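Notes for the one structure printed next.
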Number of protein chains: 2
Amino acid sequence: MNSGAAPSPAKRGRGEKSSPTIYDIARLAGVNPSTVSRALSKPGRVSAKTQKIIEDAAEQLNYQVNPFARALPTGRTQTIGLIVADITNPTFFDIIRGAETTGSARDYTLVLAESAESPETELTAARRMLSTVDGLILASPRMDDERIRALAADKPVVVINREIEGVPCVVPDVNKGISQAVRSLAANGHQQLAYVAGPAQSWMSRRRWEGVQAACDWYKLAAVRLESSKPTVDGGRQVARDVLASGATAVITYNDLLAIGLMQELQAAGMHVPDQISIVGFDDIFGADFTTPALSTVRSPLGECGSRAATLLLDMLLGQEGPAEAVRVDTELVVRGSSGRLIA
Amino acid sequence: MNSGAAPSPAKRGRGEKSSPTIYDIARLAGVNPSTVSRALSKPGRVSAKTQKIIEDAAEQLNYQVNPFARALPTGRTQTIGLIVADITNPTFFDIIRGAETTGSARDYTLVLAESAESPETELTAARRMLSTVDGLILASPRMDDERIRALAADKPVVVINREIEGVPCVVPDVNKGISQAVRSLAANGHQQLAYVAGPAQSWMSRRRWEGVQAACDWYKLAAVRLESSKPTVDGGRQVARDVLASGATAVITYNDLLAIGLMQELQAAGMHVPDQISIVGFDDIFGADFTTPALSTVRSPLGECGSRAATLLLDMLLGQEGPAEAVRVDTELVVRGSSGRLIA
DNA sequence: ATCAAACTGTCAACCGGTTGCCAACTATTG
DNA sequence: CAATAGTTGGCAACCGGTTGACAGTTTGAT
């Protein structure tokens, strides 16, 4: 309607020809619009003969349903929403991809929004989305449990990377990967380990630290926790000094970015990785194998998380109950070059 | 409908309470629904007094418009679509982010789809999307020009990374970055340069090769073109043999992934980068600085492309004409460690 | 041949906003 | 105080599908 100069009353933005409707089909096929509607969406409700006539007519007109017209009375939109904390963060790339792929395989479209790490933005985005999508996936949400439960009471919601009582969740089970990592480090002669933590409010960071502590207990390593300023390459560089000061010969970081920054800084300071210090990251993000040595890391199957979450959500939309407890996907240690035998 | 166990007649999937409508507000405020509609969307059409009453009522009921109901008569959806060739490819991450960010800044929601590098999937996705969004961004489309023009005739379309006559496009202007790269290589004593090409059907790959040829002409370098099997790290590894055989001491690759694979393979074969051979990638993707040495690369401002494309699209939705010719964004050489003086 | 059960297609009432048109109600001015 | 212009709110008709109720048509069994 607003194509430049003329504010013409045409309803389609461009090229006047608005798309054909079921009424057009009905006229062409010589039946009632409602019959067309049934033919196109309720298999078996109309006779094979009329069905054929209608399908041909639809074909001929190149008909496509108007999703809004359909959504209005039914409330179904064939869309799922995904809110991620930070689009810049490679951790989410795989989640996005996983969700998009399984979504579109089942004819659902993905709607994406970012919360920019802010609980308020997140809530706003979630609220806005909730009215336009059939269900919502929250990846590493920053809101408090209560708000999330409130959203979940309204429409199906699945959470990734966090466990919330009463809301279906998909979380990597870090224990397996962490124990593999700690065992491998112990076997390579390490006795002092440092964990470089992520953001204070991160559920996952706490969780990983607990896992590290437990594994170190079991394998008889000393573990210290170091704080990072931010979970980025830069944050990793900054924490290098503390790592050195801690006397640890093995480091597990909250995520790969930290590990990469840390490794760069330690190497710049003349340390040899892994002979003098072993570094194990977390997540196995894109690019983790670009470094020299390539980064050893505990792989979180992020893509699988995204796709499992989407599957869960889609099943819930079909009327299934969400799982009572969190779905756990296994993590595993990927040994590359940055961890190995300690050469004292 | 198919809500699993309980085929209740409730229209909302969950929690019975469907959200308040303008009719509810109208009743509460004691006015006609149409007045409510006007108060909420046409500023100035109703008196300040009624406006206030209605807004209060809306506030009280916690009203939110139903986007579908609004979209039905107006055709406007406050949504823009983005189709990328491959969600896995980091090149697109920045584009997605750029588009999402500027989109949401202007209250538009981003709908994402992937074409999996297939022209057919792409067309299907585009068609499906076109009916649900106000405008569409195509990033590195694989369809032929004709189809894209057909889509563009229907609704506003902006293309990224390709130039199509008659369709608004945003493309990185590779010439600047390429000449910087070639000049820098020439200055460092290189005389033989190889270009590792991307997919045969890629418009961008051809374009970059042309740029390389032109720059090499100017700076008096010999340039050969080598084919890669696929534009990935693995493809880069595979092409290493040809690179060596070509006798070139400087390489520019179609993208960073190829450069990284190539560098890894050459280093594994005992070559020293950049003393014996210089490598310059393309795009400056996430992770390009994770390598040792960090990758020199011609940066394409992908994020800016995404955001420019979104801006263009949004402006077109406001009635502006699309630009007659392609919008070019500058590329620039980022010198890191992988290119430098040739030590013969 | 008769009658009930099973199919099929049609009618009409929604879903929740938007908007052209008109009437009633100010406000301004002569 | 009347006439005119400008506001403001209401009515009703859409947008394009979906769906419950119903009637006409088959089909099958008795």
Side-chain angles (χ1 to χ4, degrees), chain A residues 1-2 7-13 16-54 57-58 61 63-78 131-132, chain B residues 1-3 7-13 16-54 57-58 61 63-78 131-132 134:
Chain A
M1 65 173 37
N2 42 22
S8 80
K11 60 184 171 312
R12 287 278 170 259
E16 311 308 292
K17 55 133 198 289
S18 72
S19 38
T21 71
I22 55 170
Y23 295 87
D24 299 325
I25 299 181
R27 208 175 313 124
L28 183 61
V31 298
N32 189 286
S34 61
T35 306
V36 177
S37 171
R38 294 212 169 87
L40 264 28
S41 48
K42 293 229 154 44
R45 181 56 172 73
V46 304
S47 68
K49 196 157 115 276
T50 352
Q51 176 88 25
K52 177 97 175 59
I53 298 176
I54 290 174
L61 291 174
Y63 171 78
Q64 285 185 240
V65 293
N66 178 327
F68 304 108
R70 171 174 285 176
L72 194 45
T74 62
R76 278 175 274 120
T77 68
Q78 294 288 310
S131 59
T132 71
Chain B
M1 64 183 58
N2 43 23
S3 281
S8 78
K11 58 185 171 311
R12 290 275 170 261
E16 311 308 292
K17 54 134 198 287
S18 70
S19 36
T21 72
I22 55 169
Y23 295 88
D24 299 324
I25 299 181
R27 209 175 314 126
L28 184 60
V31 298
N32 189 284
S34 62
T35 307
V36 177
S37 171
R38 292 202 175 96
L40 265 27
S41 48
K42 293 222 151 51
R45 180 57 173 74
V46 304
S47 69
K49 198 160 113 273
T50 349
Q51 177 88 25
K52 176 96 175 61
I53 298 176
I54 290 174
L61 291 174
Y63 171 78
Q64 285 186 241
V65 292
N66 178 328
F68 304 109
R70 171 174 285 176
L72 193 45
T74 61
R76 278 175 275 121
T77 69
Q78 294 289 313
S131 59
T132 72
D134 289 345

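Hydrogens, waters and symmetry mates are skipped; everything else that's a heavy atom, side chains included, is used. Since the structure is predicted, the reported quantities are computational estimates derived from the model, not experimental observations. Chain A is the first sequence line, chain B the second, and so forth, proteins listed ahead of strands; every chain is numbered from 1.
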Output the rounded distance in Å from [atom1] ([X]) to [atom2] ([N]).
{"X": "B:Ile54", "N": "D:dG9", "atom1": "CD1", "atom2": "P", "answer": "7 Å"}
{"X": "B:Gln64", "N": "C:dG16", "atom1": "CD", "atom2": "C1'", "answer": "14 Å"}
{"X": "B:Ile25", "N": "D:dG10", "atom1": "CD1", "atom2": "C1'", "answer": "17 Å"}
{"X": "B:Leu72", "N": "C:dG16", "atom1": "CG", "atom2": "C1'", "answer": "9 Å"}
{"X": "B:Leu40", "N": "D:dT8", "atom1": "CG", "atom2": "C1'", "answer": "17 Å"}
{"X": "A:Asn32", "N": "D:dG20", "atom1": "CG", "atom2": "C1'", "answer": "14 Å"}
{"X": "B:Arg76", "N": "C:dG17", "atom1": "CZ", "atom2": "C1'", "answer": "11 Å"}
{"X": "B:Ile22", "N": "C:dG16", "atom1": "CD1", "atom2": "C1'", "answer": "6 Å"}

Looking at [X], I'd like to know whether one of its side-chain N or O atoms comes within less than 4.0 Å of OP1 or OP2 on [N].
{"X": "A:Tyr23", "N": "D:dC14", "value": "no"}
{"X": "A:Lys42", "N": "D:dT18", "value": "no"}
{"X": "B:Asn66", "N": "C:dC15", "value": "no"}
{"X": "B:Ser34", "N": "D:dG10", "value": "no"}
{"X": "B:Ser47", "N": "D:dG9", "value": "yes"}

How about [X] and [Y]: do any of their side-chain heavy atoms sit closer than 4.5 Å?
{"X": "A:Val31", "Y": "A:Thr50", "result": "yes"}
{"X": "A:Leu28", "Y": "A:Leu61", "result": "yes"}
{"X": "B:Thr132", "Y": "B:Thr77", "result": "no"}
{"X": "A:Thr21", "Y": "A:Asp24", "result": "yes"}

With respect to the side chain of [X], which nucleotide from [options] is positioned closest?
{"X": "B:Pro73", "options": "D:dC15, D:dC22, D:dG16", "value": "D:dC15"}
{"X": "A:Tyr63", "options": "D:dG9, D:dG17, D:dA21", "value": "D:dG17"}
{"X": "B:Arg70", "options": "C:dG9, C:dG17, D:dC15", "value": "C:dG17"}
{"X": "A:Thr74", "options": "D:dG10, D:dT19, D:dG17", "value": "D:dT19"}

So which one's nearest nucleotide on DNA chain D is more toward 5', B:Ala69 or B:Arg38? B:Arg38

By the 4.0 Å heavy-atom rule, please label A:Thr35 as base, sugar-phosphate, or nothing. base

